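Everything quoted here is computed from the prediction, not taken from an experiment.
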Amino acid sequence: MKKMKNMLMVLSLLLAIGCAKDNNPLGEIDENVDYFSKREVKPKSQWNELDYLCDSINKAYGVEIIYEYTPRIISGNTYFMPPQYSVALPYTKVMLDKMWLKPLKEKFPEFFKKETPIEFILAGGFVHFNNPTATATAAGAGMNAQFYRLGMGGVNRFDATNKAWLHDHLVTLYHEHAHQIDHKYGRGQIYDRVSQGRYYGLAGYFRKPDGTIRNDDEAQKDGFFKPYGGYAPEEDFATSVEYMVKYPEATIKSFVAKNANLDTKYKLVHQKYLDMGVDLHQLQIVVDSVVFKVDHKN
């Protein structure tokens, strides 16, 4: 009887294995594989100007710039694509070296040392949903839920002469980095309870119940810096950082004066970043300076 039981167990195991293979003809798929880490290392004899620049940035700041890869699937029909070389080169020189890494290391060394990601992915277009021409896009969705890797979309739109674009992109970079901070340390229960039950959700952050578009002033009166911040707590946190990097302290104070909950969240976020070594109001001054007071055409 014992021998029969063992034979039955073996047969059941073989059947299970066979079914698994039939249901997955491609074999076992490891969903945890990091395909960026598997990319082929380019021989130095084939390096171009951008490769040498990326190497110097890696040595100076400890950040690896990734610009060559096959289009990446995030989930389902959500994916992003590598940038054009002709744009990736000046983007890396100006946005990443001069505007982001150099000022951050010089002005906020403690924050730079502890919180700067060690990899940065350049995505040519924005992160697209469903197809490459879709209107629904995101700057870094799906790339920035990791502690060590940051990514930005829209690189192909880079124009060193367009100050407004440079400013918006750099501000958005800090928004995306705020998601990393959030994943790494959390917002805290106190933060999440400030506007608990007041979030608009996916269907309500863009349009009000009457169908009209929600603007910043209305969102601020509801306790959020911008409508998108009312989508969910994680975007509330990231947009708080974004606006504090985007607008001067006096302007931020005028925003938070509209709602006590917004003032509370502002103070929590400001203190959180202070504890990490950066005053967001001082960072705003630095961002404004590197964008608007420097000629980046050459």
Side-chain angles (χ1 to χ4, degrees), residues 63 65-67 74 78 80-83 87-88 90-104 108 111-112 115-117 119-129 134-146 149-184 205-206 216 219 224-232 234-248 251-252 255 269 273 278 280-281 283-292 296:
V63 179
I65 309 299
I66 301 170
Y67 75 94
I74 298 174
T78 305
F80 56 97
M81 295 167 282
V87 184
Y91 174 90
T92 302
K93 285 181 180 179
V94 174
M95 181 58 62
L96 301 185
D97 191 355
K98 295 181 180 179
M99 289 188 173
W100 175 43
L101 293 170
K102 188 173 186 292
L104 198 62
F108 309 101
F111 182 79
F112 171 85
E115 310 304 339
T116 302
E119 290 185 1
F120 191 96
I121 304 169
L122 278 62
F126 291 99
V127 176
H128 291 278
F129 303 97
T135 55
T137 62
M143 291 191 283
N144 300 324
Q146 303 163 85
R149 174 183 291 156
L150 188 64
M152 283 292 289
V155 172
N156 286 345
R157 295 189 179 186
F158 173 79
D159 179 359
T161 66
N162 188 336
K163 300 285 189 179
W165 187 92
L166 294 174
H167 187 249
D168 284 346
H169 191 85
L170 185 54
V171 166
T172 303
L173 191 158
Y174 281 105
H175 170 115
E176 296 301 331
H177 186 248
H179 283 306
Q180 286 194 322
I181 296 297
D182 189 358
H183 282 284
K184 189 174 182 179
Y205 81 86
F206 184 65
D216 278 15
F224 311 103
F225 277 106
K226 61 188 294 187
Y228 189 44
Y231 166 37
E234 57 268 28
E235 294 301 343
D236 192 6
F237 179 82
T239 55
S240 295
V241 174
E242 173 190 338
Y243 266 40
M244 292 166 69
V245 175
K246 184 175 184 178
Y247 292 105
T251 303
I252 292 297
F255 291 161
V269 173
Y273 271 73
V278 58
L280 289 174
H281 295 312
L283 179 57
Q284 183 275 323
I285 294 173
V286 172
V287 167
D288 186 82
S289 177
V290 298
V291 172
F292 296 111
H296 298 291

Please name the pair of heavy atoms, one in [X] and one in [Y], separated by the smallest distance, quoted to 0.1 Å.
X	Y	value
N156	P83	OD1-CA, 3.5 Å
F225	T239	CB-O, 4.3 Å
V269	M244	CG1-SD, 4.1 Å
L170	V287	CD2-CG1, 3.7 Å

So, do [X] and [Y] sit near enough that their side-chain heavy atoms are less than 4.5 Å apart?
X	Y	value
L280	Y174	no
E115	H177	yes
M152	Y91	yes
F120	W100	yes
Y67	V155	no

Subject >> Trace of the ring-ring contact (aromatic ring centres under 6.0 Å, His included) decision for F255 with Y247 >> reply: CA-CA 10 Å; F255 291 161; Y247 292 105; 5.4 Å; yes
Original post:
Hey, are H183 and E234 close enough side-chain-wise for a donor-acceptor pair under 3.5 Å?
Top reply: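 Short answer, no.
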**OP:** With sequence neighbours excluded, tell me which residues meet side-chain hydrogen bond (donor to acceptor under 3.5 Å, both in side chains) with K246.
**Re:**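 If we apply the side-chain hydrogen bond (donor to acceptor under 3.5 Å, both in side chains) test to K246, skipping adjacent residues, there are no hits.
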Original post:
Do other residues, nucleotides or ligands put more than 12 heavy atoms under 6.0 Å from Y231 OH?
Top reply: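 12 or below, so no.
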**OP:** Apply side chain to side chain contact (heavy atoms under 4.5 Å, CB included) to A178 and list each qualifying residue two or more places apart in sequence or on a separate chain.
**Re:**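 With neighbours one apart ignored, the set is F237, A238, V241, Y273.
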**OP:** Not counting sequence neighbours, which residues clear ring-ring contact (aromatic ring centres under 6.0 Å, His included) with H167? List them please.
**Re:**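 ring-ring contact (aromatic ring centres under 6.0 Å, His included) list for H167, sorted by chain: F292.
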